[in-house]
Enquirer: 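Would you mind keeping the following structure in view while I ask a few things?
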There are 2 protein chains.
Amino acid sequence: MLDTHSGKPILQPVARGKKAALAATRAARIVIENLDPDAGPDCVAIKRCVGDTVTVEADIYADGHDRLAARLLWRATDSADWQAVPMTPLPNDRWRASFVPRRLGRHEFTVEAWWDRWATLVDHLVRKRAAGQPLGVEVAEARALLDAASAGASSAQADAIDRACARLDALADAAAAGAAPVADADADTDANHAEAGGTAGAAMTGEGVAAPDLAARPEPALDLLLSDELGAIVHDTLERAFLVRAEPPVALDAERLRARFASWYELFPRSITDSPERHGTFADVIGRLPAISAMGFDVLYFPPIHPIGRSHRKGRNNTLTAAPDDPGSPYAIGSEEGGHDAIHPQLGTLDDFRQLRDAAADHGLELAIDFAIQCSPDHPWLKQHPGWFAWRPDGSIKHAENPPKKYEDIVNVDFYARDAMPDLWIALRDVVLFWVKEGVKIFRVDNPHTKPLPFWQWLIAEVRGRHPETMFLSEAFTRPKPMYRLGKVGFNQSYSYFTWRNTKAEFIQYLTELSAPPVRDVYRPNFFVNTPDINPKFLHDSGRPGFLIRAALAATLSGLWGVFAGFELCESAPVPGKEEYLDSDKYEIRPRDWNAPGNIIGEIAALNRVRRENPALQTHTNAQFLNCWNDNILYFAKATEDLSNFILVAINLDPKRVQEADFELPLWLFGLPDDGSLAGEDLMTGHKWIWTGKMQHTRLDPWFAPYGVWRVSRG
Amino acid sequence: MLDTHSGKPILQPVARGKKAALAATRAARIVIENLDPDAGPDCVAIKRCVGDTVTVEADIYADGHDRLAARLLWRATDSADWQAVPMTPLPNDRWRASFVPRRLGRHEFTVEAWWDRWATLVDHLVRKRAAGQPLGVEVAEARALLDAASAGASSAQADAIDRACARLDALADAAAAGAAPVADADADTDANHAEAGGTAGAAMTGEGVAAPDLAARPEPALDLLLSDELGAIVHDTLERAFLVRAEPPVALDAERLRARFASWYELFPRSITDSPERHGTFADVIGRLPAISAMGFDVLYFPPIHPIGRSHRKGRNNTLTAAPDDPGSPYAIGSEEGGHDAIHPQLGTLDDFRQLRDAAADHGLELAIDFAIQCSPDHPWLKQHPGWFAWRPDGSIKHAENPPKKYEDIVNVDFYARDAMPDLWIALRDVVLFWVKEGVKIFRVDNPHTKPLPFWQWLIAEVRGRHPETMFLSEAFTRPKPMYRLGKVGFNQSYSYFTWRNTKAEFIQYLTELSAPPVRDVYRPNFFVNTPDINPKFLHDSGRPGFLIRAALAATLSGLWGVFAGFELCESAPVPGKEEYLDSDKYEIRPRDWNAPGNIIGEIAALNRVRRENPALQTHTNAQFLNCWNDNILYFAKATEDLSNFILVAINLDPKRVQEADFELPLWLFGLPDDGSLAGEDLMTGHKWIWTGKMQHTRLDPWFAPYGVWRVSRG
């Protein structure tokens, strides 16, 4: 032997006797595996929206060559009954079916498969008939299966089966007697109901035995056995041999469409003012609603609106000492005026907030607020619940820090402090439920990746179990695996790496990663073009064309995109050398001239209009990147599954230069030849034309129109 | 709302009160996922060999920025104790460690991770020191962790921790007193054992508080805290916070090296004769052993050696009527002379078999026999156990068939017949155990994909649990998913699609698929160049060069390859239009001239010698396909993990024409620049040279040497 093993071989306990063998005979004979979608045991639920077509595939196979059947089972979790959908076999042992959840909330689905004895027999009949082989034994076997099927049938089904049996028996009798087959006899006549079954078995013969055989004139019997009507009845009634079901079922949340298709606008309410000396209010924000709505946004998101701490308050531009009139960062939550369930007095009252909420709804805008768990050192919890925080040997409380970085104006709770389990957890849940009661159903969560995953899984289940319309956006600018994992534990949307993707290759790689399972099923990216924390380098010197490019990329690549106020005005002045805004709203009141020249308000409104009108643009999962022979032009198709809405997008990624290129019109996706034609429409301008031929050309001028969004159709 | 949902939202049961929240606080905080290798819950055990380095990776992460630690745990399943190996973090939250199983049989492994409070603190100390920030609080926290670590320590460890604490306390005292640090004090002196801890906490201060701080002269304290010795002790002794373990462990079979590295030779013993009139015997086979061994083979495999049925016996070339002297197909097992545990009388007796087995072992050849479950209609089981077969309505027994194909000379057992569960299963297991007792430890299993998967899973567990050295080769020429699944249920090797892969792109695609998990971990392909059932089209008109090409491909791409007798003589006459041999051994006695001119015996012997001498060639999982600018030349590297054995192979896939090409010498894999040098050696000829520069050229003449196998090294 060539082996180099040492020591005694390791023996496995082997069951003696028949018991283990008997158990093996009862194990699943059919394999169901590689269910898709299925994000695995760690995933709370995969994500879809109400009305989405959920297409389910699985590998299903067993030993041998016999035919299998399979069905998809699905239900709402508050229902005891499964809905069943037959699955269709695809090449390579893959099966598929789909369903459409119609109610908001938790569903589940699974797959069942069984040995299809009838289809196997029908298949043998067809193949043997084609080869001219005798069929008698198969017909007799079919007769026996029909008897078995009758046992599980309703009375109407049993009647139909009985009629078929009687007819088969009559045909067999006729064959045995050498008579002509009963070609035109009505299957429903009394004659055919006669008890002829007893002789059928004897009439049927094995191969090579000289005896009357239906093979001589088998057509009437075969027509009957191969009929779709009989097949459907037997499919319903015959016992499902070797039935197996994939366990456990896959959980699926049917969410609001807004979970995958929404256009976010973010502002600091205090900056909605005409002077840095006057703190903006909720009432001021009401005045801005028409303009925000006219841009086509439908979610209006505010950073924290709670009282701001005084201790270690930050000054303008994140300086360590605040001037007396500096408002501080709203992320330093909590003061003697209250904590996470209070409103910063300078913004207004809870009633003012309610008025704003209702006014926003009147403008088609849903409010989203920030859920930021850190506390200012002045937060009431520090006195009420000192045991919820991590105290240090010197009696100080642990500041948030990532050495050498510090966040002096905030301290973090300690989720695993003895007193915090579970009182802190419950208090935080109740903060969310408080705002849900106030009509807030969307929460942007600050830095969730620095809080425990089990906390989020529990909190989101608690809130969405009671209020399945609630949504959570994860601001997890962290490494990819924790970022996706937050989706698995329940976050409905997430910030993404979009702001740091700039080249064609990067976009293709990133969208491909986001569109492949399991990421596709658990993580929905919200493509913010900027945030109060991210002033992307690309925009620092791109000028207005750069803003158009980034807006078009976000608005067309993803169903979810977001804009932080100022972007539409092409603001980009950075803290030198950093991706941060100079004079950031985070630390000061910052009024703006909303009609400043050079703004891109019109273009944003057009992009949002096109998104609303074209379902193909309402998800990030359907981008197909197509050939375009210029690395500065990103060119892709997005279409609904039935191709009824088919959009082509070409974006010049270079804000400084005109780029042009040949590109391929995807005629093949419409089943058209390379010289075929498609009707095209420029969705920004309304211009229409006919494109003929696969090879086309485009020219994208950053100062005129750095992108084209075209709807194409056969018509 | 844009939503189109109907009906009431689905509410989830939400636990009220503290209980569910408390449970959530106890859920795993750290994520361990994407263990590799791990072929999933349906896999009985992944496959490795004794002495293999098993490298295990996992994604491990948690919330926040604190440091984690992880270890790999592994054991033989007959041992209660886990062996632990620390895991090393790689980029992107991936961790890795490895172990080497030394005993034959079932092992298991898993991964544990925990919050590394000490490493986190050390990390903060290092980063704050680099930033010049105060360190007093961190040193006090370290002091507290040392106290905690002491609780779980052995007395020697506790002594070391005590010494460190005393030293820290002394340093803190000195700092508080404004004195010079106790730079050179012996850590073991009585003075340092003094109770100074009480004042340490008071001496340490938070940031921004003016008080004595170790930051002023922190080096001696830091050197102590950052020392590897102290770190190792604390790593061992400090309670593992938030400890989590991946469950269930992954099962792994450590098999004989022959499971992944073997060279098979197949023959029909009855053809080992000098005349078609004289039935070859086991004694004749003994006479062939020196020649087979000299070709370098180490497994000698026979098709079924059991009594052959008479009913419906096949004649020469698979004709339906046998002449009186036709021997029939050995796959029609069973006659009045016996069944699966008997020997065909014309081959010899059981004692003759034992003599052959021992003689083969003396020549370094291990016997493999066929386990083919079908029966001839004359098999004793048909009378003894009629309930093990499927009877048809006409009283006939079901022949094996795949309409319109028929196998008239065999009938199949019915695994799920009432009488067969489990008696037939047990009888089949006992057939295997019978031959195991006769010293057969390798079984080639005929058509396992037409028998139930649970049967194989049970049978292989029963046999290998008692005899872990036993191996099963699956002859599953079926679709890819069932083929791989047979590996998951326990087959150690399998036939493959090798004989139908011919182009460069096909080989690259196929080897890539076989080398990626989970296939890599469950399925080992045995690259047979031909079998009694497969006379590959490629060889029909390739001439001798084609045989050399296919031998080189199989022998260098896979650790397992096989040859059916006649290949070395370049036999290729087909049944016209089919991939079958004319005058096949399957239906007649077929003597051969083993020294026929034009044979490739010398080349096969050389290939097997090179395989034995070079561990890089003893697996299929390590092929790296390299650039070679000719689509007719397949060029790849195979190397051991430490690169100590590094082989380059170039094969001309075109048996008709000389092919030449530039190719890249993979200097980069040795860390060498593009103008570096490597020593080369032609392993077929022994010629040696120095290769300089990345771009090289080769010329492969099919009539002279259609392949090159070169060992390269730095030396």
Side-chain angles (χ1 to χ4, degrees), chain A residues 2-7 9-10 12 14 18 21-22 24-25 27 29 50-51 59 61 63-65 76-78 93 102-106 124 127-128 131 137 140-141 201 204-206 256-257 392-394 396 402-404 421-422 425-426 449-452 454 458 462 465-466 468 479 481-482, chain B residues 2-7 9-10 12 14 18 21-22 24-25 27 29 50-51 59 61 63-65 76-78 93 102-106 124 127-128 131 137 140-141 201 204-206 256-257 392-394 396 402-404 421-422 425-426 449-452 454 458 462 465-466 468 479 481-482:
Chain A
L2 298 160
D3 304 339
T4 58
H5 57 268
S6 58
I10 302 154
Q12 287 292 105
V14 175
K18 291 194 177 186
L22 255 181
T25 66
R29 184 178 187 182
V50 169
D59 293 338
Y61 56 87
D63 55 292
H65 305 286
T77 52
D78 62 0
D93 296 313
R102 291 282 173 207
R103 291 171 60 209
L104 200 65
R106 183 69 51 86
H124 282 206
R127 288 153 76 185
K128 288 194 149 187
V137 188
E141 287 173 339
M204 306 299 158
T205 59
R256 294 194 278 154
L257 179 57
R392 312 194 75 183
D394 63 344
S396 71
N402 181 12
M421 297 187 290
W425 297 42
I426 288 171
H449 59 288
T450 61
K451 286 91 194 170
W458 168 82
E462 288 269 320
R466 297 172 171 100
R479 307 177 310 280
K481 287 163 191 171
Chain B
L2 299 160
D3 304 341
T4 58
H5 58 270
S6 58
I10 302 153
Q12 286 290 105
V14 175
K18 290 193 177 187
L22 255 182
T25 66
R29 184 178 188 181
V50 169
D59 293 338
Y61 56 87
D63 54 292
H65 305 286
T77 53
D78 62 359
D93 295 313
R102 292 283 173 205
R103 291 171 61 209
L104 200 65
R106 183 69 50 86
H124 281 206
R127 287 153 76 185
K128 286 194 150 187
V137 188
E141 286 173 340
M204 307 298 158
T205 61
R256 294 195 278 154
L257 179 58
R392 312 194 74 182
D394 63 343
S396 71
N402 181 14
M421 298 188 290
W425 297 42
I426 288 171
H449 59 288
T450 61
K451 286 91 193 170
W458 168 81
E462 288 270 319
R466 298 173 169 99
R479 309 176 308 280
K481 285 163 191 170

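Below, chains carry the letters A, B, ... as their sequence lines are ordered, and counting in each starts from 1. Since we're looking at a predicted model, the values are computed, not measured.
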Enquirer: Which heavy atom of Ile10(B) sits nearest a heavy atom of Pro468(A), and at what distance?
Expert: O-CG, 3.6 Å
Enquirer: Using every non-hydrogen atom in the two residues, find where Ile426(B) and Lys18(A) come nearest and quote the distance to one decimal.
Expert: CD1-CG, 3.7 Å
Enquirer: Supply the atom-to-atom distance His65(B) NE2 to His449(A) NE2, rounded to the nearest 0.5 angstrom.
Expert: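 His65(B) atom NE2 to His449(A) atom NE2 measures 5.0 Å (nearest 0.5 Å).
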Enquirer: Which pair of heavy atoms, one from Lys481(B) and one from Asp59(A), lies closest together, and at what distance?
Expert: NZ-OD1, 2.8 Å
Enquirer: Provide the closest heavy-atom pair for Arg479(A) versus Tyr61(B) in the form atom of the first, atom of the second, distance.
Expert: NH2-CB, 3.8 Å
Enquirer: Based on non-hydrogen pairs under 4.5 Å, which of Ala131(A), Pro482(A), Gly64(A) is most in contact with chain B?
Expert: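 Top option by heavy-atom pairs under 4.5 Å: Pro482(A).
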Enquirer: Only counting residues at least two apart or in another chain, list the ones meeting side-chain contact (heavy atoms from CB on, under 4.5 Å) with Ala27(B).
Expert: Pro454(A)
Enquirer: Under the side-chain contact (heavy atoms from CB on, under 4.5 Å) test, which residues partner Thr25(A), sequence neighbours left out?
Expert: Leu22(A), Met421(B), Pro422(B), Trp425(B)
